[in-house]
Q: 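Structure below; questions to follow.
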Protein chains: 2
Amino acid sequence: MESQTPVGRKITLNDIAAGCGVSRATVSLVLRGSPLVNKATRARVEEELRRQGYVYNRAAANLRRRTSSSVALVINELANPFFAEFAAGVDETLGAAGFVTLLGSTGDSAEREHAVLGSLIEHGPGGIILSPAEDSEARKVLAAVGTHTPVVLFNRELGGQLPEYAHWDRLMLDNARGARAATEHMIAQGHRHIAFFGGHDHASSTRERHDGYMQAMKAAGLPVETHWRVQSTPTRTDAARAVGELFAGPGAAPTAAVCYNDAVALGLMLGLHQHGRQAGRDFAVTGFDDIAEASMSMPSLTTLSTAPRARGRQAAEMLLARLRDPQAPSGTTVAPVELVVRESSNPLS
Amino acid sequence: MESQTPVGRKITLNDIAAGCGVSRATVSLVLRGSPLVNKATRARVEEELRRQGYVYNRAAANLRRRTSSSVALVINELANPFFAEFAAGVDETLGAAGFVTLLGSTGDSAEREHAVLGSLIEHGPGGIILSPAEDSEARKVLAAVGTHTPVVLFNRELGGQLPEYAHWDRLMLDNARGARAATEHMIAQGHRHIAFFGGHDHASSTRERHDGYMQAMKAAGLPVETHWRVQSTPTRTDAARAVGELFAGPGAAPTAAVCYNDAVALGLMLGLHQHGRQAGRDFAVTGFDDIAEASMSMPSLTTLSTAPRARGRQAAEMLLARLRDPQAPSGTTVAPVELVVRESSNPLS
DNA sequence: TAGTGGATTTGAATCGTTCTAATTTCGCCT
DNA sequence: AGGCGAAATTAGAACGATTCAAATCCACTA
């Protein structure tokens, strides 16, 4: 094998064509595996491609063909393992389909999201997978991405109304059913005084989970005390701080809590000690997400598995399907979540 | 404001030019903020741009200018919070400099890495930031990326020799010093039987950390049993699986373990239960990376802080500097790491 | 020998932008 | 009115691929 030159100009189709005495068009046909070209010629060209160390310029091809080979992935918080897994799943599926992932991370700020979308869209992605920032608004997002690029929304709804001509696909988690399943599990364990702990009610995912909890309580004919709803930032530290409110109310103290997510649940378990209780023994706890830590905490956490990597693959599949058939009616997919029973949800003693 | 058409062809410079009776060239000048164009004309053009909902086609511009506005980021394991943070840092800095991040994740397989690099390079990134797979080889990587694209290597060395004409930059962690510090801390806590747990010896980062450990042991005149070196894939699950080997050897059982990284350390802490030990009480553990989880686990994890987000920013800066001056001599930066003492490294009881 | 038809090959236009060199416009001075 | 330089604008050729229609090649046949 001849060595490719260590340094120099980029090799183009013209160089190859000149190098083996055929036309640019023929080389192009060889590259794309066309059956039109003669076997001998093909071999000659392929040898030359190798010899000169040719690398395909997909941008030029896309320009001519008015195609795209990329998809933008915009994540509100990449550092969160849930979203990192999601991103890995997206990239895996897109890569297998020959697409490259354009990454954008917004730090959960609608302002940065707007800037990031504006920058990504200029690179002409075939579509966008967007996990919106907390305060992201439909109108602004639409202004940034325009109406030519299909969008798959993940995990959260946007604020405000989306015009009816923008038919975007959605992939959401079954928040209500998940929270209801967790609550029913608590009830089956004999608990009657069950709190809903953590999250902020202005986020759609929190509201949905709280709704599921209320459904289960109502279906079982159980009353709900107002001080059993404690809000917090969905982080471990803030949850630990908020534990006091759970036992500060005038009515009966809860013996169990359905938590907004795993982070909050872990924080709650931590904070319980200071109130003379121990999760999994005299106070039952469930989470949401099944992050890696959930199976390793002490006690291990009963929670709802969301399989973020599978969700990533699914979101990518949805986008690919949309690219294949842009006219298909858009839809919302609600991914099921599964209750994983571990040690933290002890029966009422 | 006139509404942009909800559907239709993509708007180009020609449309804008025709729309307000100037030439394509003038519109281009307006876009790029050239001082050459008359104030009134500029206003007219800008209005038209808005009216038609123009979006810039950066790919076409890059083609013409023989420029790139993207950087490829290839990560061996995105699901690991350490690398997720790193990726977030890279994206943050690249985005601020007007570059977009092309993401590739390899699942720590050299084969997939090769495919991913081959695909990414066709999109013409200005450079590549590569955190290599464990068994990645210099020769193969070079074949995939060619010699025209600058590379910043992060975290690990490649196997084999890199030809001298490929001068790639490197950003490494001070693995040896970090692991030595952790080991010395263990020794100061009174431990004498200290294992080195996790990772594979064929990866350079593992070897360096193991070297640091050995240095500390030797300096303290402590013997090392062969079964105190347990290898594993650097994931939590595989680490948990491998715990048995730690106590299976013929000689003395260790009372402490310096771990390859935090993921492995958390896995070890989990696995310890099944062997009747508890981390932070009768078995001391240290990690490496200081991922977010480390401070929240029970017990909290003594580890080496590597500030992955800052490392990501740093890697991006290195690449940007290289793009600014391709001729500058290439170099290796070794980022310091800092021992963070928490609960998991209990004194010998 | 000329004609036929399938197999190959190729010239030239095109995608949306940039950039050079040239052209046009315009105010102002003599 | 003519000339001049500065300011503003533009025509047209790139960039590196694809694609269509047209040209060429090459047995064979009549």
Side-chain angles (χ1 to χ4, degrees), chain A residues 8-46 48-49 52-70 98 121-126 146 148-149, chain B residues 8-46 48-49 52-70 98 121-126 146 148-149:
Chain A
R9 221 177 63 281
K10 252 181 195 162
I11 307 300
T12 77
L13 279 199
N14 271 322
D15 300 309
I16 305 301
C20 58
V22 299
S23 79
R24 196 158 73 248
T26 305
V27 182
S28 175
L29 290 175
V30 169
L31 281 180
R32 331 218 13 261
S34 159
L36 289 179
V37 11
N38 181 290
K39 224 164 175 191
T41 318
R42 167 182 308 268
R44 207 146 42 90
V45 170
E46 278 172 345
E48 187 71 10
L49 287 169
Q52 298 205 32
Y54 171 80
V55 341
Y56 188 69
N57 183 334
R58 206 169 285 274
N62 283 334
L63 175 59
R64 172 61 226 254
R65 306 184 54 197
R66 300 147 144 273
T67 3
S68 173
S69 56
S70 60
I121 203 77
E122 294 188 347
H123 290 84
H148 295 304
T149 311
Chain B
R9 222 175 66 279
K10 252 179 195 165
I11 307 300
T12 77
L13 281 198
N14 271 322
D15 300 310
I16 304 300
C20 57
V22 300
S23 81
R24 197 159 74 246
T26 304
V27 182
S28 176
L29 290 176
V30 169
L31 281 180
R32 327 214 18 259
S34 160
L36 289 179
V37 12
N38 180 289
K39 225 163 175 193
T41 319
R42 167 181 309 269
R44 206 146 43 90
V45 170
E46 278 172 346
E48 186 72 10
L49 287 168
Q52 298 204 33
Y54 171 80
V55 341
Y56 188 68
N57 183 334
R58 205 170 285 276
N62 283 333
L63 174 58
R64 171 61 227 250
R65 305 184 54 196
R66 297 146 143 276
T67 312
S68 173
S69 57
S70 61
I121 203 77
E122 294 187 347
H123 289 83
H148 295 304
T149 311

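Hydrogens, waters and symmetry mates play no part in the numbers below; they use all other heavy atoms, side chains included. The sequence lines fix the lettering, A, B, ..., with proteins before strands; numbering per chain opens at 1.
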Q: Could you tell me whether the side chains of B/N62 and B/S69 share a donor-acceptor contact shorter than 3.5 Å?
A: yes

Q: Specify the separation, in whole Å, of atom NE2 of B/H123 and atom C1' of D/dG16.
A: 15 Å

Q: Quick one, B/T149 and B/I121 - any side-chain contact, counting heavy atoms below 4.5 Å?
A: yes

Q: Whole Å only: how far is the CZ atom of A/R66 from the P atom of D/dG16?
A: 21 Å

Q: DNA chain D: B/L63 or B/V22, which has the more 5' nearest nucleotide?
A: B/V22

Q: Name each donor-acceptor pair under 3.5 Å that joins a side chain in residues 12-25 of chain A to protein atoms two or more places apart or in another chain, with its distance.
A:
residue	atom	partner	partner atom	Å
A/T12	OG1	A/N14	N	3.1
A/N14	OD1	A/R24	NH1	3.3
A/D15	OD1	A/R9	NH2	2.8
A/D15	OD2	A/R9	NH2	3.2
A/D15	OD2	A/T12	N	2.7
A/S23	OG	A/A25	N	3.3
A/S23	OG	A/T26	N	3.3
A/S23	OG	A/T26	OG1	3.3

Q: Kindly give the heavy-atom pair with the smallest separation between A/P125 and A/S68, and that separation in Å.
A: C-OG, 3.4 Å

Q: Report the distance from atom CG of B/L13 to atom C1' of D/dG12, rounded to the nearest whole Å.
A: 15 Å

Q: Which is more 5' along DNA chain C, the nucleotide nearest A/S23 or the one nearest B/N14? Just name the residue.
A: A/S23

Q: Side chains of B/S70 and A/H123 only: does a donor on one sit below 3.5 Å from an acceptor on the other?
A: no

Q: For residues 29-40 of chain A, tabulate all N or O donor-acceptor pairs below 3.5 Å that involve a side-chain atom, not counting sequence neighbours.
A:
residue	atom	partner	partner atom	Å
A/S34	OG	A/L36	N	3.0
A/N38	OD1	A/A40	N	2.7

Q: Just by protein heavy atoms under 4.0 Å, how would nucleotides 19-28 of chain D read 5' to 3' in B, S and -?
A: B---------

Q: Mind checking if B/T26 touches a base, just sugar-phosphate, or nothing, with heavy atoms under 4.0 Å?
A: base

Q: Using a 4.0 Å cut-off to any heavy atom of chain B, which nucleotides of DNA chain C are the first and last in contact, reading 5' to 3'?
A: C/dG16 to C/dC19

Q: Hey, could you give me the CG/CZ distance between A/L49 and A/R44, rounded to the nearest 0.5 Å?
A: 12.0 Å

Q: Nearest 0.5 Å, please: how far is NZ in B/K10 from CD in B/Q52?
A: 15.0 Å

Q: Name all residues meeting the side-chain hydrogen bond (donor to acceptor under 3.5 Å, both in side chains) criterion together with A/E46; count only those two or more places apart in sequence or in a different chain, and write none if there are none.
A: none

Q: Whole angstroms only, please: what is the CG-C1' distance between A/N57 and D/dC15?
A: 9 Å

Q: Locate the shortest heavy-atom distance separating B/A60 from A/L63; write the atom from each residue and the value.
A: CB-CD1, 4.1 Å

Q: Tell me the interatomic distance from A/L31, atom CG, to D/dG16, atom P, rounded to whole angstroms.
A: 15 Å

Q: Quantify the bending of the helix from C/dT1-D/dA30 to C/dT30-D/dA1 as the angle between its end axes, each fitted on five pairs, to 10°.
A: 80°

